[in-house]
**Q** 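Submitted below is the structure of interest, expressed as structure tokens.
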Amino acid sequence: MALVEIRKVETKKALKAFIDFHYDLYKGNEYDAPNLFMDDLNTLSKDKNAAFEFCEAELFLAYQEGKIVGRVAAIINHKANERWQRKTVRFGWIDFIDDIEVSRALLGAVEEFGRSKGMEEVVGPLGFTDFDPEGMLTYGFDQLGTMATIYNYPYYPKHMEQISGYEKDNDYVEFKIFIPKEIPEKYVKVSQMIEKRYNLHARTLTRHEVFKEGFGYKVFHLINDTFKDLYGFSELSDKQIDQYLSMWMPLADMNLIVVVEDWSTPDHKIIGVGITIPSLSRAVQKCHRGRLLPFGWWHLMMSLFFHKTKYVDLMMVGILPEYRKKGANALLFSHLIPWYQRYGFEWGESQVEMETNENVQSQWQYLETEQHKRRRCYVKKINLA
């Protein structure tokens with residue numbers, strides 16, 4: 001058995017190798033939807049990711065006989081630790097060959113980094129924030145992944161079960177939501193009722209409203225309020241919001257982004273949002289090693305603007321707690337489903353939902369669904385002695 005050597009990523013060349021390892025390990029895999037190279041580069045670079053205002057991180061590569069065989073990021077989100085009163089180091093971007101000594105060495109590096117910073121536990125897979133992929137796939141290895149989630153080989157969770165001290169911290173489920181030929185009658189009736197009774201209304205935004213009238217900030221501040229009590233969540237800063245707006249909104253199909261407003265308030269307060277995009281999974285698979293050049297950009301444009309995909313990703317669906325029981329989600333889906341039908345989408349991907357979050361899962365009750373994936377975050381106590 002070859003000796004495993006762990007090296008810290010300290011140069012741009014090493015960072016490139018860190019990102020490229022995933023493309024090597026999953027080359028030809030029909031289910032993996034890899035991140036774009038530039039997205040990972042921006043996220044992992046301290047001078048480009050606004051999350052480094054409240055996070056610190058180290059990246060590690062594992063070598064055997066001079067060859068890269070694994071990678072992992074060790075992240076401390078100080079804002080989340082303060083919010084949840086935990087001393088946690090996160091592990092993310094974890095990939096490794098099927099060798100238990102490699103995975104054990106990688107996690108050992110994360111544990112040592114956390115120990116040196118006074119952390120008391122290791123948790124993951126998690127990113128810097130909830131906008132990074134999280135949770136190790138434990139079921140659904142034969143299902144197409146999404147850009148917003150992690151795909152991993154079946155041996156990953158088997159390694160976690162073998163490495164001493166790691167146990168379940170949180171489980172997520174994901175649903176395939178089939179697009180109906182007609183809007184469910186229940187959604188139509190509820191939508192009509194709450195428009196009349198509560199003066200709630202759904203509509204799309206324009207790019208001018210998003211960038212020039214401050215609606216982009218309103219939407220992300222709503223997301224902060226909506227998800228503040230979910231597992232590991234840390235509030236987005238205005239600098240992060242600027243980053244996400246500039247990254248995604250110029251390319252977004254505004255027909256697939258809907259807000260719900262309370263017209264009984266003077267400023268038509270936004271109380272709900274549904275951010276959805278055509279699936280880019282097949283498109284990114286065609287981007288050579290995650291690059292947009294020479295032809296990767298074309299495949300992305302075909303999905304984004306010409307809807308050459310059968311699927312839609314429900315990236316973020318949120319309603320303020322005090323409006324959930326009023327049926328505001330029915331307004332979102334009554335507005336979005338006709339666009340899904342027009343674009344020829346066959347199903348939507350729910351993205352990750354906590355297995356215990358029955359309120360979120362209940363919003364699919366009037367649609368045909370299939371719970372097709374499951375994933376887990378693990379935790380291990382660190383011995384500081």
Side-chain angles (χ1 to χ4, degrees), residues 1-29 32-49 51-52 55-77 88-117 119 122-128 132-137 150-153 155-160 162-166 287-291 377-378 380 382:
M1 186 177 298
L3 178 68
V4 179
E5 178 189 1
I6 299 295
R7 301 180 194 172
K8 188 186 299 185
V9 171
E10 297 180 303
T11 66
K12 289 184 179 180
K13 181 179 179 180
L15 177 57
K16 178 179 178 294
F18 181 96
I19 298 170
D20 276 336
F21 177 70
H22 183 90
Y23 306 129
D24 294 330
L25 189 64
Y26 286 86
K27 183 178 181 180
N29 186 283
D32 178 50
N35 291 338
L36 292 174
F37 180 87
M38 285 304 301
D39 285 350
D40 263 359
L41 185 64
N42 289 335
T43 301
L44 297 170
S45 297
K46 296 179 181 179
D47 60 338
K48 295 180 180 179
N49 187 351
F52 277 99
C55 293
E56 57 180 307
E58 292 288 358
L59 310 180
F60 300 97
L61 286 167
Y63 289 80
Q64 280 182 331
E65 299 180 339
K67 180 181 178 181
I68 297 174
V69 291
R71 68 172 191 174
V72 72
I75 302 164
I76 300 176
N77 183 323
T88 298
V89 58
R90 304 173 172 203
F91 69 88
W93 282 268
I94 186 165
D95 283 310
F96 46 83
I97 64 171
D98 192 4
D99 183 332
I100 190 67
E101 296 305 320
V102 174
S103 53
R104 183 178 286 121
L106 287 167
L107 290 169
V110 176
E111 294 167 23
E112 184 55 38
F113 173 74
R115 187 179 294 112
S116 72
K117 299 291 183 176
M119 299 297 104
V122 181
V123 174
L126 290 170
F128 294 89
D132 298 319
E134 53 194 15
M136 183 176 288
L137 193 66
I150 298 168
Y151 182 83
N152 54 260
Y153 289 120
Y155 64 79
Y156 280 41
K158 293 180 180 179
H159 282 219
M160 298 303 299
Q162 295 178 58
I163 300 174
S164 177
Y166 284 92
C287 296
H288 179 63
R289 301 180 70 78
R291 274 68 167 181
C377 279
Y378 297 87
K380 177 181 178 179
I382 299 176

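Computed from a prediction, not measured in an experiment: that's the story for all the values here.
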**Q** Could you check whether any side-chain heavy atom of Val89 comes within less than 4.5 Å of a side-chain heavy atom of Ile382, counting everything from C-beta outward?
**A**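 Yes, close enough: below the 4.5 Å cut-off.
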
**Q** Can you find a heavy atom in the side chain of Leu126 that is under 4.5 Å from one in the side chain of Ile75?
**A**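 Counting from C-beta outward, Leu126 and Ile75 never come under 4.5 Å.
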
**Q** Kindly determine whether Asp99 and Val69 satisfy side chain to side chain contact (heavy atoms under 4.5 Å, CB included), including the steps that lead there.
**A** CA-CA 9 Å; Asp99 183 332; Val69 291; over 6 Å; no

**Q** Which heavy atom of Leu15 sits nearest to which heavy atom of Leu41, and what is that distance?
**A**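 So the two residues come closest at CD2-CD1, 3.6 Å.
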
**Q** By side chain to side chain contact (heavy atoms under 4.5 Å, CB included), which residues pair with Asn29, not counting sequence neighbours?
**A**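 For Asn29 the side chain to side chain contact (heavy atoms under 4.5 Å, CB included) partners, ignoring immediate neighbours, are Tyr26, Tyr31, Asp32, Tyr151, Tyr153.
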
**Q** Excluding sequence neighbours, so at least two apart, what forms side chain to side chain contact (heavy atoms under 4.5 Å, CB included) with Pro133?
**A**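 Once residues adjacent in sequence are excluded, the partners of Pro133 under the side chain to side chain contact (heavy atoms under 4.5 Å, CB included) criterion are Ile150.
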
**Q** Looking at every heavy atom in both Phe18 and Ala73, which two are closest together, and how far apart are they?
**A**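 Of all heavy-atom pairs spanning Phe18 and Ala73, the closest is CZ-N, 4.1 Å.
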
**Q** Suppose we screen for salt bridge (charged side-chain N to carboxylate O under 4.0 Å, His left out). Which residues come up paired with Arg71, at least two apart in sequence or across chains?
**A**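 Once residues adjacent in sequence are excluded, the partners of Arg71 under the salt bridge (charged side-chain N to carboxylate O under 4.0 Å, His left out) criterion are Asp95.
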
**Q** With sequence neighbours left out, write down each residue that passes ring pair (Phe, Tyr, Trp, His ring centres under 6.0 Å) with Tyr156, or none if nothing qualifies.
**A**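 Only Phe96 meet the ring pair (Phe, Tyr, Trp, His ring centres under 6.0 Å) criterion with Tyr156.
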
**Q** Tell me, do His159 and Asp98 make a side-chain contact under 4.5 Å, heavy atoms counted?
**A**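 SC-SC contact between His159 and Asp98 confirmed.
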
**Q** Using the test side-chain hydrogen bond (donor to acceptor under 3.5 Å, both in side chains), find all partners of Tyr23 that sit at least two apart in sequence or belong to another chain.
**A**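 Applying side-chain hydrogen bond (donor to acceptor under 3.5 Å, both in side chains) to Tyr23 gives none.
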
**Q** Would a distance-only check, ignoring hydrogens and angles, find a side-chain to backbone donor-acceptor pair under 3.5 Å from Arg90 to Gly127?
**A**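 Checked: pair present.
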
**Q** What's the separation between atom CG in Leu61 and atom NZ in Lys8, rounded to the nearest 0.5 Å?
**A**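 Here the interatomic distance stands at 12.5 Å.
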
**Q** Is there a side-chain contact between Val110 and Leu106 in this structure, where contact means two heavy atoms from C-beta onward sitting under 4.5 Å apart?
**A**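 Answer no - side chains too far apart.
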
**Q** Who passes side chain to side chain contact (heavy atoms under 4.5 Å, CB included) against Glu56, sequence neighbours left out?
**A**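 Only Ile76, His78, Phe113, Lys117 meet the side chain to side chain contact (heavy atoms under 4.5 Å, CB included) criterion with Glu56.
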
**Q** With sequence neighbours excluded, tell me which residues meet side-chain hydrogen bond (donor to acceptor under 3.5 Å, both in side chains) with Asn152.
**A**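 For Asn152 there are no side-chain hydrogen bond (donor to acceptor under 3.5 Å, both in side chains) partners, ignoring immediate neighbours.
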
**Q** Mind checking salt bridge (charged side-chain N to carboxylate O under 4.0 Å, His left out) for Arg289 and listing every partner two or more places apart, or none if nothing turns up?
**A**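 Arg289 satisfies salt bridge (charged side-chain N to carboxylate O under 4.0 Å, His left out) with Asp20, Asp24 once adjacent residues are dropped.
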
**Q** Do His22 and Asn35 have side chains that get closer than 4.5 Å, going by heavy atoms?
**A**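 Side-chain contact under 4.5 Å: no.
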
**Q** Only counting residues at least two apart or in another chain, list the ones meeting side-chain hydrogen bond (donor to acceptor under 3.5 Å, both in side chains) with Glu111.
**A**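 Only Tyr166, Lys380 meet the side-chain hydrogen bond (donor to acceptor under 3.5 Å, both in side chains) criterion with Glu111.
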
**Q** With heavy-atom distances below 4.5 Å as the criterion, would you say the side chains of Trp93 and Leu44 are in contact?
**A**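 They are in side-chain contact.
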
**Q** In chain order, what residues pass the side chain to side chain contact (heavy atoms under 4.5 Å, CB included) check against Thr11, with sequence neighbours excluded?
**A**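 With sequence neighbours excluded, Thr11 shows a side chain to side chain contact (heavy atoms under 4.5 Å, CB included) to Lys13, Ala14, given in chain and number order.
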
**Q** Quick check: are there more than 12 heavy atoms from other residues, nucleotides or ligands sitting under 6.0 Å from NZ of Lys48?
**A**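 Counting other residues, nucleotides and ligands, NZ of Lys48 exceeds 12 neighbours.
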
**Q** How long is the straight-line distance from CE of Met38 back to SG of Cys287, given to the nearest 0.5 Å?
**A**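 If I round to the nearest 0.5 Å, the distance is 13.5 Å.
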
**Q** Could you walk me through whether Leu107 and Met160 satisfy the side chain to side chain contact (heavy atoms under 4.5 Å, CB included) test, starting with their C-alpha distance in whole Å, then the side-chain angles of each, then the deciding distance to 0.1 Å, before giving a yes or no?
**A** CA-CA 10 Å; Leu107 290 169; Met160 298 303 299; 3.8 Å; yes

**Q** Please list, chain by chain and in numerical order, all residues satisfying side-chain hydrogen bond (donor to acceptor under 3.5 Å, both in side chains) with Thr88, sequence neighbours excluded.
**A**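 Result, side-chain hydrogen bond (donor to acceptor under 3.5 Å, both in side chains) vs Thr88: Glu121.
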
**Q** Check Met136 against Pro157 and note the closest heavy-atom contact, atom names and distance.
**A**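 In terms of heavy atoms, the two residues are closest at SD-N, 3.6 Å.
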
**Q** Holding to ring pair (Phe, Tyr, Trp, His ring centres under 6.0 Å), I want the full list of residues that pass it with Phe37, two or more places apart in sequence or in another chain.
**A**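 Phe37 satisfies ring pair (Phe, Tyr, Trp, His ring centres under 6.0 Å) with no residue once adjacent residues are dropped.
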
**Q** Give the minimum heavy-atom separation between Pro125 and Cys377, together with the two atoms involved.
**A**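 Pro125 and Cys377 have their closest heavy atoms at O-SG, 3.4 Å.
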
